[in-house]
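All remarks here apply to the structure that follows.
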Amino acid sequence: MSSADSFQPAPPPPDRRSISERAMPVRSYEGAANADYLEGLNAEQSDAVLTIDGPLLVLAGAGTGKTRVLTCRLAHILNTGRAYPSQILSVTFTNKAAREMRERVGGLIGQQVEGLPWLGTFHSIAAKILRIHAELVGLKSSFTILDTDDQIRLLKQVIKAADIDEKRWTGRYLAALIDSWKNKGLTPEKLSSKESYKFAEGKGAALYKTYQDRLKVLNACDFGDLLLHNLTLFMENPDVLKKYHQKFKYLLVDEYQDTNVCQYLWLRLLAQGSQNICVVGDDDQSIYGWRGAEVDNILRFEKDFPGAKVVKLERNYRSTEHILGAASGLIASNQDRLGKTLWTEDTGGHKVTVTGVWDAPAEARIVSDEIESWHYKGRKYNDVAILVRASRQMRSFEERFIQLGLPYRVIGGPRFFERLEIRDAHAYLRVLKSDTDDLAFERIVNTPKRGIGATTIQKLQQAARAMHISLEAATRELTKTDEIRGKARTALRAFILDIDRWRAEAKDIRHTEIAERILDESGYTQMWRDNKDAKSAGRLENLKELIQAMGEFDTLDAYLEHVSLVLDVEKGPQEDEVSLMTLHSAKGLEFPLVFLPGWEEGVFPSQKSMDENGLAGLEEERRLAYVGITRAREKAKIYFAANRQVYGSWQSSVPSRFIDELPIQHVDVETGTGQPASNRIAQDVARDFTSSFETARSQRASSPGWQRYEANKGKKYGRGPKEIEGHAIRRPAKKAVSEFKVGDRVFHQKFGYGRVTSADGNKLGVAFEKAGDKNVLDGFVDRA
DNA sequence: GCGCAGCCCATTTTT
DNA sequence: TGGGCTGCGC
């Protein structure tokens, strides 16, 4: 597809069906009784729903009704009697997606979904399968699932035991490596020496092996293992695989572009049975390459599954023409894509705006003014989202919102069960349940502080290893003798007695009550009550929520089983609040008004991403931009700052290349003048550009750069972006000539005085007297 | 064993 | 700039 014509939303594709096909009422589809759910689907959507046999790839662009298709398809398979609910495998990535799908299918066909036992996340389904056949991969079916934190702590021990410099080679890094290996479906045996050399001069594979052995001893799995053990299980036990071939008549995969190699192999093995695999995804929204997702999986689908049918959903029901035009134009700069063009009947609407601001506080000020004016017009805060590239960008917004009392919520961040206090509480519960859970025991043996230090714990570990017993058992042994003395011994003995008492009590009382009792009697809640830190109150709140969450399960075991894989605590009642989140966590969501701040080179696209992954990294960043814009239903507003504080020091910044890639006909450039004087935004822009140093104001106002800026701002681009030079908003064309030359003495608002050391178009290298060497746009410096 | 000062580093996040 | 970790001193 040529990129030029994709800037404009395409007209509706011709309906290629025959007259009789068109006349055919969908509800008369073979075997489908009472197929109300098929009504209102467009031609492509119903094609995707009705094609139930053989491999099918549904390329579902943003806002094209993907979930609807998925759920209708499920309903349709059930309704036509093609399969029982238990014969359909439907996988998603997140619990949220799984839950939504379950609810929506339920809405379509009622009761039957009760029996959709194989609808869930990759991990929960893999865990379910693994529990059934655990022995075949050397585990017991009661295995525990470790989270990242446990994983790292275990790896630290492994690294230490191997006598490797822990500072040079961290547990975190090895955890990331092992994760990436598991994502690729690599067991320690399959690891190339090149991969192994990524850690401690070739010790990677050996440590990986040791770690896996340790996990087996602990009867535990990490997240990656769930899928990887499944692969081993299926490949080493063809009879087991065959059983699942017979079982699953239909496979349904959501967000296929996010699958990693391991998940792909898993799906391919399972699909060998019926060949009825339907994957839904959008290559343009693949933004998880860094955690192992292979866009290639979706690009290659037709080759992997010969005879696969491809259905493209291109009609967008979410956004206006301009939003889609801007997003399509931007994504057209990517090379590796299957190529789709979204279109809509929703013509008109607002163009995407691009606004240049002075710095982050100004950005926050202008955005908050916009939000207030939106709210003043009677619109909801809930309809507004601010999407940033990195969470640190949230700060200036939060500060501003707090100052104004503007209600907001941060989406994402540490999840409920990843919080310190929740993990600690879980560790207590794990110890209650199992006397061999060393990781849990170690975590809480001195939390709250009982006077048991590293030395004591080391002694316990040594003893446990020597006697091949658990830490808890070793503790029992060592406190009987004089190995451990004094305060530590007393404390350990008391602790063991507590555990014994809790275990005895747990037999008779409800699990929520024993949990409360443990937190109380262990001194854990007291520890936070005594803590003066601002977060303590919140932690105590979270512990209350934990008890509440537990109450929703009948037993402690049921609760713990769900904790690691599916538990997420729903936020309380919906307040009317602005949402603040990263672009990544915005995927799948939509908002009438979307703010996209921080579109500057290095910030977005992220420098790190480009450094580490080159063009592929840049393209993923661009997809992220595409995801960002397509979240908007009515308005998308892009911002960039001329200066940004990075790691404490000020840097001048260059507008993101993505801004120049937006098709100009869908963009409005918003700046100070050219707007009515009563416009608050206009005033703000003017203020932002003049605030900091009043003294330098007259100087700057008379500089050529400023005058040119004044002349151009508010002007809308009639033609291609390259035709206007030196506008503050545009990245300068390469050949533009600056009126500054090497050696000129200049003044900059933030950096002070300096001398030009290089001039590349409008980009100047300046050696500032105080601030050091910086690259700045010439529009932001004045002749001194 | 604990608390504090200095040091180092610094995307994106789900299970 | 600021948060998290470490090592040192008590």
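Naming convention: chains lettered A, B, ... in sequence-line order (proteins, then strands); numbering from 1 in each chain.
- A straight line from CG of L596(A) to C1' of dT12(B) spans 16 Å, rounded to a whole angstrom.
- The distance from atom NZ of K128(A) to atom C1' of dT15(B) is 17 Å, rounded to the nearest whole Å.
- Atom P of nucleotide dT15(B) and atom NE2 of H229(A) are separated by 20 Å, given to the nearest angstrom.
- N446(A) comes within 4.0 angstrom of the backbone, heavy atoms only, and of no base.
- For the pair D149(A) CG and dT15(B) P, the computed distance is 17 Å after rounding to whole Å.
- Looking at every heavy atom in both residues, A440(A) comes nearest to A427(A) through CB-O, 3.6 Å.
- Between Y288(A) and H584(A), the distance from one ring center to the other falls under 6.0 angstrom.
- For N95(A), no side-chain nitrogen or oxygen approaches OP1 or OP2 of dT14(B) to under 4.0 Å.
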From CA spacing to verdict: salt bridge (Lys or Arg N to Asp or Glu O under 4.0 Å), E363(A), R644(A) = CA-CA 10 Å; E363(A) 191 175 56; R644(A) 198 167 286 272; 3.1 Å; yes
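- Going from atom CZ of R291(A) over to atom P of dT14(B) covers 7 Å, rounded to whole Å.
- Put simply, T148(A) has no side-chain N or O that comes within less than 4.0 Å of OP1 or OP2 on dT15(B).
- Contacts of Y647(A) with the nucleic acid, taken as non-hydrogen atoms under 4.0 Å apart, include base atoms.
- Here S391(A) reaches the OP1 or OP2 of dT12(B): one of its side-chain N or O atoms lies under 4.0 Å away.
- Using P as the reference atom, dG4(C) and dT11(B) are 12 Å apart when rounded to the nearest Å.
- When the nearest nucleotides of DNA chain B are assigned to H123(A) and G451(A) by heavy-atom distance, the more 5′-ward of the two goes with G451(A).
- Here the P atom of nucleotide dT15(B) and the NE2 atom of H562(A) are 14 Å apart, to the nearest Å.
- Among the atoms of the strands shown, only primed sugar atoms or phosphate atoms (P, OP1, OP2) are found under 4.0 Å from some heavy atom of T456(A).
- Note: CD (Q393(A)) to P (dT1(C)) measures 19 Å, nearest angstrom.
- N260(A) has no side-chain polar atom (N or O) that falls below the 4.0 Å cut-off from OP1 or OP2 of dT14(B).
- The local environment of CZ in R172(A) is sparse, with at most 12 non-hydrogen atoms from other residues, nucleotides or ligands closer than 6.0 Å.
- Here R395(A) lies in heavy-atom contact (under 4.0 Å) with sugar-phosphate atoms only.
- For E621(A) and T121(A), each mapped to the nucleotide of DNA chain B holding its nearest heavy atom, the one lying further toward the 5' end belongs to E621(A).
- Aromatic stacking of W290(A) on dT11(B): not satisfied for centres closer than 5.5 Å together with planes under 30 degrees.
- Among the heavy atoms of the strands, none lies under 4.0 Å from Q151(A).
- Comparing the P positions of dG3(C) and dT12(B) gives an interatomic distance of 15 Å, to the nearest angstrom.
- The neighbour count for D611(A) CG, taken as heavy atoms of other residues, nucleotides or ligands under 6.0 Å away, is above 12.
- Between D336(A) and R623(A) there is no salt bridge, since no side-chain N of the basic residue sits under 4.0 Å from a carboxylate O of the acidic one.
- The CG-C1' distance, from N183(A) to dT15(B), rounds to 11 Å in whole Å.
- Using a 4.0 Å heavy-atom distance criterion, E612(A) is classed as a base contact.
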